[in-house]
Novice: 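One structure, as structure tokens, below. Some questions next.
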Amino acid sequence: MFARRSAALLACAAAFGFASPASAQDKTVTIGVLNDMSSLYADIGGPGSVVAVKMAVEDSGLAAKGWKIEVVSGDHQNKPDVGVNIARQWIDTQKVDMITDTPNSGVALAVSNVAKEKNVVLLNNGGASADLTGKACNANTISYTYDTYMLATGTGKALTKAGGDSWFFLTADYAFGAALERDTSAVVTANGGKVLGGVKHPLNTSDFSSFLLQAQNSKAKIVGLANAGGDTTNSIKQAAEFGIVEGGQKLAALLLFINDVHSLGLKTAHGLTFTESFYWDLNDATRAWSKRFQEKTANKAMPSMTQAGNYAGVIHYLKALEALGGNPHDGAKVVAKMKEIPTDDPLFGKGPLREDGRRIIPAYLFEVKKPEESKGPWDYYKLVSTISAEDAARPLKDSECPLVKK
């Protein structure tokens, strides 16, 4: 009798839309920005990513519709165990629904597993490994901005076809570097080039001399820098001291951000060829947003590709929650809705979010300007070519993602 009465009461509550704490009418959201706040990747993510996420929350207009959205942040120190501990603590004690940014592929891969286990969303913008939408993909993780396949297809293919048919790699010794060297090597060989060798260096090292000497002795036409952030800028500066470019070899910065170019200066960085999916000066919409971003940051820097990706990704995440009518606190359900509704934002435009979790957007092959070509502060890039959205992402037919139906 009691069971029948309880069932009737629950049915009545459901009919009138009251009820369970996990109801879609819940309009509270907590977003965690997890990145490197203090070390070699702080400029490309760091506090600037928090600014970008808060701009997305503001621009979503959800606060005026009764939503309560909180943004928290943490420093993973480029250590997967630290990133995992922060993610677990956020989810268990602060009810974080979505984690964004995660530069450092080792951290991103580890936190992706936590997102699946705890059924929250990981919106990866900083972790470059294509494995996040490949063999390590899951229903809770999205990669929004770029990956190692895009970087390899852009820079590796262009330089090899332009005559740079022999390569030697300087590779950061962790998941990101390994994936970038792997994907670029595949592109080089597919386009008729040869990989003569490579050397791995510790993350955040200060002395590249022994590694650069090996690159110089290899006589390779292209020295591929499969690293990022402070490692990239340090290796480029020290390569200049070794006279590598003057000696006839060319540096390929396989992952270069505008913050790196700013740090290096045009006198040192000019001529570098690289691939990105965002540049602040691409069009009127990117310029307008980037100037707003610049005004809100302490260092008055223009946004990096990953900071822009955090804004665009969070905008889309919040659109999905609104389309669901509230926050179900069910990460896989939210990601499914994000894949269902079309993406459209002022920074990356329109484009599908694929079943493997990869946002499909064009990429751009840029070259750093000479000092005399720059018209003012942050005017650093010239566009060499546009890589179509379809060519910038690994074809689904080649995907190792278990979510992909073949």
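This is a predicted model, so every value here is computed, not measured.
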Novice: Scan side-chain atoms only and decide if N204 and S39 contain a donor-acceptor pair under the 3.5 Å cut-off.
Specialist: yes
Novice: Using modelled atom types and a 3.5 Å cut-off, is there a donor and acceptor pairing between side-chain atoms of S290 and backbone atoms of M302?
Specialist: no
Novice: Given the rule in the side chain to side chain contact (heavy atoms under 4.5 Å, CB included) test, do Y146 and T306 qualify, once you have shown the distances and angles that lead to the verdict?
Specialist: CA-CA 8 Å; Y146 75 110; T306 57; 3.8 Å; yes
Novice: Is K65 close to K27 at the side-chain level, that is, under 4.5 Å between some pair of heavy atoms?
Specialist: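 Answer no - side chains too far apart.
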Novice: Nearest 0.5 Å, please: how far is OG1 in T93 from CZ in R88?
Specialist: 13.0 Å
Novice: Run V57 and L62 through side chain to side chain contact (heavy atoms under 4.5 Å, CB included) and show every step you take.
Specialist: CA-CA 7 Å; V57 171; L62 291 187; over 6 Å; no
Novice: Look at the aromatic rings of W289 and Y311 and report parallel, tilted or perpendicular, splitting at 30° and 60°.
Specialist: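 Rings of W289 and Y311: tilted, as their planes differ by 30° to 60°.
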Novice: Are I387 and Y364 side-chain neighbours, meaning at least one heavy-atom pair lies under 4.5 Å?
Specialist: no
Novice: Would you say the side chains of S112 and T141 form a donor-acceptor pair under 3.5 Å?
Specialist: yes
Novice: Classify the side-chain pair H201/N227 by whether it contains a donor and acceptor separated by less than 3.5 Å.
Specialist: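 Indeed, the side chains of H201 and N227 share at least one donor-acceptor pair under 3.5 Å.
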Novice: As an exercise, state the distance from SG of C137 to CG of L132, rounded to the nearest 0.5 Å.
Specialist: 9.5 Å
Novice: Is any side-chain heavy atom of V121 closer than 4.5 Å to a side-chain heavy atom of I99?
Specialist: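 In short, these two side chains do not touch, never coming nearer than 4.5 Å.
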Novice: Does some side-chain heavy atom of T297 sit less than 4.5 Å from a side-chain heavy atom of P47?
Specialist: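 Of all side-chain heavy-atom pairs linking T297 with P47, none is under 4.5 Å.
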Novice: Mind checking whether L254 and F169 have side chains closer than 4.5 Å, heavy atoms only?
Specialist: yes
Novice: Spell out, as yes or no, whether a donor-acceptor pair under 3.5 Å connects the side chain of N234 to the backbone of G230.
Specialist: yes
Novice: Is the closest basic N to carboxylate O distance between E295 and K300 below 4.0 Å?
Specialist: no
Novice: Please check if the side chain of T102 supplies one atom and the backbone of A108 the other of a donor-acceptor pair under 3.5 Å.
Specialist: no
Novice: Does R359 reach the main-chain N or O of T145 with its side chain, forming a donor-acceptor pair under 3.5 Å?
Specialist: no
Novice: Can you tell me how far the CD atom of E322 sits from the OG atom of S60, to the nearest 0.5 Å?
Specialist: 7.5 Å
Novice: Could you check whether T232 and D260, counting side-chain N and O atoms only, form a donor-acceptor pair closer than 3.5 Å?
Specialist: no
Novice: Side chains of T155 and T275 only: does a donor on one sit below 3.5 Å from an acceptor on the other?
Specialist: yes
Novice: Between E340 and K337, is there a side-chain N and carboxylate O pair less than 4.0 Å apart?
Specialist: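 K337 and E340: salt-bridged.
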Novice: Can you tell which of I69, I315, I31, D101 makes a side-chain contact (heavy atoms from CB on, under 4.5 Å) with V53?
Specialist: I31
Novice: How close do P103 and N35 get, counting heavy atoms only, and between which atoms?
Specialist: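 Nearest heavy atoms, P103 then N35: CD-CB, 3.4 Å.
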Novice: Would you say NZ of K350 has more than 12 non-hydrogen atoms from neighbouring residues, nucleotides or ligands within 6.0 angstrom?
Specialist: no
Novice: So, does K319 use its side chain to make a donor-acceptor pair with the main chain of D344 at under 3.5 Å?
Specialist: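 The answer is yes, because a donor-acceptor pair under 3.5 Å joins these two groups.
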Novice: How close do A392 and A363 get, heavy atom to heavy atom, and via which atoms?
Specialist: CB-CB, 4.1 Å
Novice: Going by an N to O cut-off under 4.0 Å, is there a salt bridge joining D356 and R354?
Specialist: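 Here D356 pairs with R354 in a salt bridge, since their nearest N and O are under 4.0 Å apart.
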Novice: Determine whether a donor-acceptor pair (N or O, by modelled atom type, separation under 3.5 Å) exists between the side chain of H262 and the backbone of I258.
Specialist: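 Not a single qualifying donor-acceptor pair exists.
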Novice: Going by atom types alone, do Q307 and S49 pair a side-chain donor with an acceptor below 3.5 Å?
Specialist: no
Novice: Would a 4.5 Å heavy-atom cut-off, applied to side chains only, mark S277 and F348 as touching?
Specialist: yes
Novice: Which heavy atom of C401 sits nearest a heavy atom of T133, and at what distance?
Specialist: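 Closest approach of C401 to T133, heavy atoms only: CB-O, 3.5 Å.
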Novice: Going by atom types only, do T160 and D165 share a side-chain donor-acceptor pair under 3.5 Å?
Specialist: no
Novice: When you measure from the side chain of T286 to the backbone of N283, do you find a donor-acceptor pair of N or O atoms at a distance under 3.5 Å?
Specialist: yes
Novice: Side chains of F176 and L109: closer than 4.5 Å at any heavy-atom pair?
Specialist: no
Novice: Kindly indicate, with the supporting measurements, whether the criterion side chain to side chain contact (heavy atoms under 4.5 Å, CB included) is fulfilled by F293 and V51.
Specialist: CA-CA 7 Å; F293 172 90; V51 169; 4.0 Å; yes
Novice: Distance from N191 atom CG to L159 atom CG, nearest 0.5 Å?
Specialist: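 Separation between the atoms: 11.0 Å.
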Novice: Output the distance between atom CH2 (W167) and atom NZ (K250), rounded to the nearest 0.5 Å.
Specialist: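 So the gap between those two atoms works out to 10.0 Å.
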Novice: Could you tell me whether the side chains of N104 and D36 share a donor-acceptor contact shorter than 3.5 Å?
Specialist: no
Novice: Donor-acceptor pair, distance only, cut-off 3.5 Å: does the side chain of S263 make one with the backbone of N259?
Specialist: no
Novice: Between D97 and T30, is any side-chain donor less than 3.5 angstrom from a side-chain acceptor?
Specialist: no
Novice: Are D59 and R292 close enough, and set up right, to give a salt bridge (Lys or Arg N to Asp or Glu O under 4.0 Å), and what steps lead you there?
Specialist: CA-CA 12 Å; D59 291 352; R292 283 179 55 212; 3.0 Å; yes
Novice: With a 4.0 Å cut-off, would you call D183 and R394 a salt bridge?
Specialist: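 Yes, this pair counts.
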Novice: Return yes when atom NZ of K79 has more than 12 non-hydrogen atoms of other residues, nucleotides or ligands closer than 6.0 Å, and no otherwise.
Specialist: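 Result for NZ/K79: open.
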Novice: So, for S218 and Q249, which heavy atoms are closest and what is the spacing to 0.1 Å?
Specialist: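 Answer, listing the atom of S218 first, then Q249: OG-NE2, 4.1 Å.
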Novice: Give a yes-or-no answer on whether the side chains of N327 and D26 include a donor-acceptor pair shorter than 3.5 Å.
Specialist: no
Novice: To the nearest 0.5 angstrom, please state how far the CD atom of Q77 sits from the CE atom of M37.
Specialist: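 These two atoms lie 11.5 Å from each other.
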Novice: Evaluate whether atom NZ of K116 has more than 12 neighbouring non-hydrogen atoms of other residues, nucleotides or ligands under 6.0 angstrom away.
Specialist: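 At most 12 heavy atoms, drawn from other residues, nucleotides or ligands, come within 6.0 Å of this atom.
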Novice: Tell me if a side-chain donor or acceptor on H316 pairs with a main-chain N or O of G313 at a distance below 3.5 Å.
Specialist: no
Novice: Are any side-chain N or O atoms of N124 and backbone N or O atoms of T100, one a donor and one an acceptor, separated by less than 3.5 Å?
Specialist: no
Novice: Is D147 close to L151 at the side-chain level, that is, under 4.5 Å between some pair of heavy atoms?
Specialist: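 Result no, sub-4.5 Å side-chain heavy-atom pair not found.
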Novice: Just say parallel, tilted or perpendicular for the rings of Y380 and W378, cut-offs at 30° and 60°.
Specialist: tilted
Novice: Please name the pair of heavy atoms, one in Q238 and one in S206, separated by the smallest distance, quoted to 0.1 Å.
Specialist: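 Result for this residue pair: NE2-O, 2.8 Å.
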Novice: Check this for me, if you would: do K339 and E355 make a salt bridge, where the nitrogen-to-carboxylate-oxygen distance has to be below 4.0 angstrom?
Specialist: no
Novice: Start with the C-alpha distance between K95 and T28, add both sets of side-chain angles, then the distance that settles side chain to side chain contact (heavy atoms under 4.5 Å, CB included), and finish with yes or no.
Specialist: CA-CA 10 Å; K95 307 304 178 187; T28 60; over 6 Å; no
Novice: Shortest non-hydrogen contact from G331 to N140?
Specialist: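 Nearest pair, atom of G331 first, then N140: C-ND2, 3.7 Å.
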Novice: Can you spot which of Y279, F257, Y381 makes a ring pair (Phe, Tyr, Trp, His ring centres under 6.0 Å) with F274?
Specialist: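 Between F274 and the candidates, ring pair (Phe, Tyr, Trp, His ring centres under 6.0 Å) is satisfied uniquely by Y381.
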